[in-house]
Amino acid sequence: MTVAKGDGGGRVTHVPSAGTSASDEIERARRDMLHEGRMQKRTRIGADVLCEALVRQGVDVFFGYPGGVILPLYDVLGDYPELRHILVRHEQGAAHAADGYARATGRVGVCLGTSGPGATNLVTGIGNAQLDSIPIVAITGNVPGALLGKDAFQEIDITGITLPITKHNYLVRNADDIALVLAEAFHIARTGRPGPVHVDITKDALQGETRAQHPDEETVVAGLPGFRPTLDGHPRQLRTIAQEIAKARRPLILAGHGILIAEAEEELRELAEKAGIPVTWTLLGIGAIDETHPLAYGYMGMHGWKHVNRAIQSADLLIALGMRFDDRVTGNVKTYAPHARIVHVDIDPAEIGKNVAVDVPVVGDVRRVLRSLLPLVEPVDRETRATYLGQLAEWRLESEGSSWHGSGTWRTGLLSADYVLEQIGEANDHDATMVADVGQNQMWTARYAGYRRPKSHLSSGGLGTMGYGMPAAMGAALGRPDKTTWAIVGDGGFQMTIQELATLVQDDIPVKIALLDNRKLGMIRQWQELVYAGNYHSSEMVGPDYLKLADAYGIPAWKATRPGEVRPAIEAANAVDGPALVWFEIASEQNVFPMMPAGKGLSDLLEELEEQL
Amino acid sequence: MSGDIAAGPVPARPIPGSGETRRHVLVAVVQNRTGVLNRVASLMRARDFNIESLSVSHTDSEDVSRMTITIHGDEFHVEQATKQLYRLIDVLKVQDVTDEPTVQHELALVKVRATDRNRGEIVSIVEMHRARVVDLAPESVVVEATGTEVEVDALLTLLRGYGIRELVRTGAVVMARGSGSIEEATKR
């Protein structure tokens, strides 16, 4: 349900995030006046406390969709001009946008929905944030407390639904509790291993009068005795790591998402350089190290580089930093890194020993752990590592020089996805925020765009949520307006959340969309070809004329079908002040190689098909 | 593979959770907030830990509850259950007390078929097991038994011969012997 509201009554619904201190000052004065003006007419209600809490937490933009029971909030929202509300077209878009905002900025993202369907529509986005440890606070309205459990209109047990897919959740039934719960929610979402927190608030709590004060951080921490993440690694374990490094002849660092979350990029680079250890990364660890660094070795796992997986299989020491040995990373655990001892640093004790048994477990914030570890590590000169690094370089040359990718064309005259990604990366000086959808497009984005800085690659890793790309890019673009944001989507995922095109237009969010259209569900088709004996069921996909579609929304768009059209189209889209779309009609049967078939190990990569040579 | 690496077969990397399983008893001290039992039960289900028994009650402090959880698994599996429980914000302390000296008791109430002819016999069995009869009716008696799982099982085996009409067992509640306190350990 949408409610159109006039701009009268001194309400300002869309104010760009403040920049200078002068404009902050003006905003504050304006806010004070507004509050003063309204205080004479009405009292402070739960919905005000919610808005105040968001302001206190530094939220400048959030994403939502109104509905019956959340209307009390929308009724007061205009009084808080520092809160920019983005009206999405579907609540899933709001959750992904909050997620994209959080990944791009490192701050907590916020999304909002009403009860019932509004809340259930958020669920996919909340689950996505849970699997990838993304700090978001999802707020939903619920029916008045007296109607809870009565199957009232648009009532559903949403806290029951989100319980197993959140870091924590709350049902708030009293206006007096909103301040403390919101403070706890933000604290829990961003502290330790981040994650989504869901706050469900009844309509009467939003409407109830309250004088409750906002707690300070100390009070919040004191009220959560069961939540005390361990931040510093155990000194004895740190000494053990230093000894393991000193002994190792073929050490390898596995950098995960934890490096980006803890902002430990500097410490990671120092460790690699001091001990001469090559760095590999997981899907969500992309950007942990500049890919042009001499010790940056590459992306690992199911669709990782062959030389990287080969290095893992031959390593005698794996130093896993802020990653969780996902099955897409290890393949068959029994044959994983057979010669390696494993050091595992993670802030979540439950990740250690969950998927692989490790030799040196360390619980802690990876930045603090590395800072304490660095002085203990003996420097290793390049001479000592010469043979090892020489061999890795050889493997890399071999794997990157394979004939089936990066050639610019794939089969004569057809556009190849890897070429498109390379061009998008280059055209943006590898500084754009690249937001992938899920499937082949995601793997091409991970492999070929080239990354230089942290938080420049966003991808739905754990949940693998098709439809993630464009709405997440919305959040990323608003969170980092200083960077160009590209959403890399396939025609399947794009059509899952395509409705957010209107949001891009209404709020002028400058997302550039690269649509890799192969008229297929490409990854499904690839599996059907390679694993299901070419039984292509339900992987053909008809799409609209995307130029007409973009035109209908008023979004400038270009189409590229040949290599020569790629770069000009990218640059044209970059030149647009606002959203733009480039429709890349790519080869319909290009596969992502190498590929580790499910259940196999890292040494069993499928590299190419005869017919593609 | 490189010459730098030892040739020959390499033993398979062990998979956590594939070791020898046995019964473990966990004690969890939790904040007494709405839904905490739901959180624990939901986690155990979602993570595929098979709960054998679960008992919950207040402690002496009204905002703290205590759970005794019996599960089957190997060391890794049970350690993983403990760590996952710790991820719940409301969980204050979890301890695997399986190998510690403990008192592990449960309470059973049994309604046994009884006639004038065998009632005396039943009562003497009950007394021998240090249980007691808490209700007498013309055709049945209700027996209250406390003790270890094994002790209660032994009594039930004998009573089964007369016909058990109803049975309820609480599942084990556990307390470590000695002067240490798991609850006091949560107050930092």
Side-chain angles (χ1 to χ4, degrees), chain A residues 157 159-160 163-171 173 184-185 187-188 192-193 195 197 222-230 249-250 310-311 313-316 325 330 332-340 342 348-358 363 387-388 391-392 394-395 601 603, chain B residues 1-19 28-48 61 63-65 74-94 183 185-188:
Chain A
D157 173 22
T159 44
L163 186 144
I165 58 162
T166 49
K167 190 170 173 188
H168 199 52
N169 68 4
Y170 294 90
L171 169 60
R173 304 182 58 162
E184 285 190 4
H187 173 75
I188 291 169
R193 179 182 187 172
V197 178
L224 296 168
F227 183 57
R228 298 272 194 280
T230 305
R249 294 167 67 202
R250 306 177 65 86
R310 223 170 150 181
Q313 292 304 82
S314 78
D316 64 357
F325 292 103
T330 60
N332 189 338
V333 172
K334 283 182 187 163
T335 60
Y336 180 69
H339 311 283
I342 298 180
D348 183 355
E351 286 306 340
I352 292 172
K354 186 179 83 177
N355 295 332
V356 300
V358 303
V363 176
T387 321
Y388 173 46
Q391 183 177 50
L392 291 197
E394 216 171 277
W395 288 354
S603 305
Chain B
M1 194 127 299
S2 123
D4 207 355
I5 290 300
V10 191
R13 194 172 276 285
I15 295 177
S18 56
V29 180
V30 303
Q31 279 191 296
N32 184 19
R33 293 200 191 175
T34 317
V36 63
L37 174 59
N38 193 3
R39 287 180 202 282
V40 169
S42 167
L43 181 146
M44 299 305 257
R45 173 194 54 76
R47 297 273 173 189
D48 202 21
S61 139
D63 53 352
V64 174
S65 294
D74 77 348
E75 301 297 324
F76 267 118
H77 193 71
V78 175
E79 190 188 324
Q80 181 62 207
T82 306
K83 287 166 161 183
Q84 291 293 346
L85 284 168
Y86 267 123
R87 294 181 70 186
L88 298 177
I89 306 292
D90 293 337
V91 170
L92 300 172
K93 177 89 186 159
V94 186
E183 281 164 35
T186 65
K187 292 172 192 145
R188 301 173 202 205

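A note on names: the letters A, B, ... follow the listed sequences, proteins ahead of strands, and every chain is numbered from 1.
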When A/L224, A/T335, A/V356 are compared by non-hydrogen pairs under 4.5 Å with chain B, the top option: A/V356
Does any backbone or side-chain atom of A/A222 lie under 4.5 Å from a heavy atom of chain B? Answer side chain, backbone, both or neither. neither
Any donor-acceptor N/O pair, B/R13 side chain to A/A337 backbone, under 3.5 Å: yes
Atom group of B/L43 that falls short of 4.5 Å from chain A, counting heavy atoms: neither
What part of B/L88 lies closer than 4.5 angstrom to a heavy atom of chain A: side chain, backbone, both or neither? backbone
Could you work out, with ring pair (Phe, Tyr, Trp, His ring centres under 6.0 Å) as the rule, every residue matching A/F227, not counting sequence neighbours? A/H187
Closest heavy-atom contact between B/F76 and A/A357? CZ-CB, 4.0 Å
Against chain B, label A/I165 side chain, backbone, both or neither, depending on which of its atoms sit under 4.5 Å from a heavy atom there. neither
Which atom of B/L92 lies closest to which atom of A/G226, heavy atoms considered: CD2-N, 3.5 Å
Considering only heavy atoms, which portion of B/Q80 lies under 4.5 Å from any heavy atom of chain A: side chain, backbone, both, or neither? side chain
With A/R193 via salt bridge (Lys or Arg N to Asp or Glu O under 4.0 Å) - residues at least two apart: A/D348, A/E351
Reported CD1-to-CG distance for the pair B/I15 and A/N332, which is rounded to 0.5 angstrom: 6.5 Å
Quick check on the interface: out of A/I188, A/T159, A/L171, who has the most heavy-atom pairs with chain B under 4.5 Å? A/I188
Expected output: side-chain B/K83 to main-chain A/I352 donor-acceptor under 3.5 Å: yes
Anything in residues 29-37 of chain B with a heavy-atom distance to chain A below 4.5 Å? Please list those residues in order. B/Q31, B/R33
Please round to the nearest 0.5 Å and tell me the distance separating atom NE2 of A/H168 and atom CZ of B/R87. 13.5 Å
The complete set of salt bridge (Lys or Arg N to Asp or Glu O under 4.0 Å) pairs with one or both residues in residues 35-45 of chain B, sequence neighbours excluded, reads B/R39-B/D90
